[in-house]
2 protein chains.
Amino acid sequence: MPAGERRESILEAATAVFGERGYVGTTTDAVAKAAGVSQPYVVRMFGTKEQLFLEVLQRALDRLLATFRGVIAEHGPGGKEALGALIGNAYADLLRDRGLLLSLMQAFMLGADPVIGPAARAGLLEVYAVLRDEAGFTSDEADAFLSHGMMLNTLVAIGMAGSYETDPSARELIDACAPSKAPLIVRLAKQHRA
Amino acid sequence: MPAGERRESILEAATAVFGERGYVGTTTDAVAKAAGVSQPYVVRMFGTKEQLFLEVLQRALDRLLATFRGVIAEHGPGGKEALGALIGNAYADLLRDRGLLLSLMQAFMLGADPVIGPAARAGLLEVYAVLRDEAGFTSDEADAFLSHGMMLNTLVAIGMAGSYETDPSARELIDACAPSKAPLIVRLAKQHRA
DNA sequence: GTCTATAGGGCGATAGAC
DNA sequence: GTCTATCGCCCTATAGAC
């Protein structure tokens with residue numbers, strides 16, 4: 001396999017594993033097994049585990065921002081209030097890219113790390129900048145969007161959707177905090193278990 | 001030192017370390033050093049690192065819920081809309097208890113863990129139940145409260161407040177997403193650096 | 001109640017063959 | 001481009017003295 005493709009397939013596998021186990025909890029061996037290569041090969045290709053995570057983070061940010069910009073561009077000069085809902089749906093759709101939003105969230109939790117911390121802060125600031133400057137969100141709109149995004153990330157990370165159908169209180173929480181996304185995250189939780 | 005006091009001082013130290021480094025990233029030795037005891041003593045007292053984290057999580061939840069209930073009880077039969085702001089302020093005040101809210105957030109990120117995951121989900125559900133059943137929040141109010149709580153946790157975890165005065169875009173983000181809490185988290189970030 | 005010493009296991013990274 | 005073998009470190013947990 002050419003190096004470019006192999007790189008991408010390892011990054012994809014790493015995104016899923018980092019998203020589920022976190023940075024420290026992920027072993028390069030687990031990433032290697034998920035990608036179907038040997039552990040030393042992963043290290044050889046990315047240098048260090050830290051560098052691998054930084055590339056996963058950058059790739060996740062690139063895709064998130066590209067998705068937002070795609071929605072903004074396609075939206076055209078129509079009504080402004082519809083854009084918020086469109087970007088919100090596009091954001092939730094990114095949950096299909098397994099581990100992508102969770103890897104971002106894991107990076108956000110690593111602010112104390114001298115290398116990952118600065119990259120994570122820069123990434124979050126870039127997201128906010130795109131919402132304000134390119135999507136035209138007010139600061140209140142950006143606040144609501146980011147806050148609910150963090151809530152959604154947390155609900156997925158904690159695995160609450162896995163109890164949606166068996167635990168009425170889990171259902172109530174999800175319906176309250178992520179109403180329109182409930183069907184999606186419940187479906188993804190089932191797929192994940194299978 | 002009597003066992004009870006020693007226990008509490010280790011739990012306090014562990015809360016700070018777990019909050020900053022996460023569950024997997026925390027060594028029992030780091031907790032021991034922060035508490036001024038030897039590493040084997042920490043393990044001896046709590047059995048395992050996992051058990052220690054579970055106790056940190058439970059202690060954090062207990063304090064969070066006790067704080068909420070205190071505000072609800074003191075508030076009396078007065079205006080209902082004021083209670084939301086009071087609980088919000090009480091929540092932000094818990095940031096002074098170093099690592100407490102961050103340890104909770106770290107637990108929320110461990111949903112995939114077979115032992116910690118269930119405890120974290122039960123904890124979040126209990127918080128939601130208190131907001132709905134004891135504070136009398138509507139589901140929309142609970143959603144807004146929890147979402148902004150997650151956002152605040154994320155801003156603190158990522159260390160954004162450390163750039164508040166040097167980076168105008170960090171300031172803009174914090175002012176947008178945690179307006180009334182900005183002075184507090186900036187002060188805490190400074191204390192933490194010193 | 002608290003320590004020192006250390007066993008035991010796992011992980012990131014390197015060496016080097018093919 | 002990819003692997004096997006392995007080094008060396010770090011970390012949890014145990015043993016056992018004081």
Side-chain angles (χ1 to χ4, degrees), chain A residues 1-57 99 103 106-107 109-110 112-117 119, chain B residues 1-57 99 103 106-107 109-110 112-117 119:
Chain A
M1 189 183 285
E5 277 179 45
R6 186 61 90 184
R7 229 186 139 74
E8 175 58 23
S9 84
I10 294 177
L11 282 172
E12 192 178 323
T15 299
V17 182
F18 277 130
E20 180 150 341
R21 315 252 185 208
Y23 172 61
V24 191
T26 293
T27 66
T28 54
D29 191 54
V31 172
K33 283 192 168 64
V37 296
S38 69
Q39 179 266 333
Y41 187 68
V42 171
V43 175
R44 162 87 47 127
M45 179 162 269
F46 292 91
T48 64
K49 174 180 160 179
E50 182 179 75
Q51 190 60 38
L52 170 61
F53 186 75
L54 287 173
E55 296 206 24
V56 165
L57 169 58
S103 288
Q106 298 282 4
M109 299 301 292
L110 293 170
D113 184 284
V115 174
I116 299 170
Chain B
M1 188 183 288
E5 277 179 44
R6 186 62 90 182
R7 229 187 140 72
E8 175 58 23
S9 85
I10 293 177
L11 282 172
E12 191 179 324
T15 299
V17 182
F18 278 129
E20 181 151 340
R21 315 251 184 205
Y23 172 61
V24 192
T26 293
T27 65
T28 53
D29 190 54
V31 172
K33 282 193 167 64
V37 297
S38 69
Q39 178 268 331
Y41 186 68
V42 172
V43 176
R44 162 86 47 127
M45 180 162 270
F46 292 91
T48 63
K49 174 179 159 180
E50 183 178 75
Q51 192 57 39
L52 170 61
F53 185 75
L54 287 173
E55 296 206 24
V56 164
L57 169 58
S103 288
Q106 298 283 2
M109 298 301 292
L110 292 171
D113 184 284
V115 175
I116 300 170

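As the structure is a computational prediction, the values presented were derived from the model and not from experiment. Side chains are part of it too, since the values below use all heavy atoms of this structure and drop only hydrogens, waters and symmetry mates.
Closest approach of Met109(A) to Met109(B), counting heavy atoms only: CG-CG, 4.1 Å.
The distance from atom CG of Leu110(B) to atom CD of Glu20(A), rounded to the nearest 0.5 Å, is 11.0 Å.
Rounded to whole Å, atom C1' of dT4(D) lies 11 Å from atom CD of Gln39(A). Rounded to an integer number of Å, the gap from Phe18(B) CZ to dC11(D) P is 13 Å. Between the CD1 atom of Ile10(B) and the C1' atom of dG1(C) there is a distance of 11 Å, rounded to whole Å. The NZ atom of Lys49(A) sits 8 Å away from the C1' atom of dC11(C) (whole-angstrom rounding). Spacing between atom CG of Asp29(B) and atom C1' of dA13(D) amounts to 13 Å, rounded to whole angstrom units. Across the protein-nucleic acid pair, Tyr23(B) atom OH and dC11(D) atom C1' stand 12 Å apart, rounded to whole Å. Remark: C1' of dT14(D) and CZ of Arg44(B) are 8 Å apart, rounded to the nearest angstrom. Distance CZ (Phe53(A)) to C1' (dG12(C)): 17 Å, rounded to an integer number of Å.
Heavy-atom distances to DNA chain C give each of Thr28(A) and Pro2(B) a nearest nucleotide, and the one nearer the 5′ end belongs to Pro2(B).
In the region residues 30-38 of chain A, proximity to DNA chain D at under 4.0 angstrom, judged on heavy atoms, holds for Val37(A), Ser38(A).
Pairs passing the side chain to side chain donor-acceptor pair (under 3.5 Å) check and including a residue from residues 36-50 of chain A, sequence neighbours excluded, read Thr28(A)-Gln39(A).
In this structure, Met45(B) reaches neither bases nor backbone, as no heavy-atom distance under 4.0 Å exists between it and the strands shown.
Between Thr26(A) and Phe53(A) the shortest side-chain heavy-atom distance does not fall below 4.5 Å. Contact check for Leu52(A) versus Leu11(A): side-chain heavy atoms found under the 4.5 Å cut-off. Here the side chains of Ile10(B) and Phe46(B) are in contact, with some heavy-atom distance below 4.5 Å.
For the OP1/OP2 pair of dT2(C) and a distance below 4.0 Å, the side-chain nitrogens and oxygens of Arg6(B) include at least one atom meeting the criterion.
A donor-acceptor contact shorter than 3.5 Å is absent between the side chain of Ser103(B) and the backbone of Phe18(B).
Closest approach to the Tyr41(B) side chain among dG1(C), dA15(D), dG12(C) is made by dG1(C) (side chain taken as heavy atoms from C-beta onward). Closest to the side chain of Thr27(A), out of dT2(D), dT14(C), dC11(C), is dC11(C). The nucleotide whose nearest atom lies closest to any side-chain atom of Ala3(B) is, among dA13(D), dA13(C), dG1(C), dG1(C).
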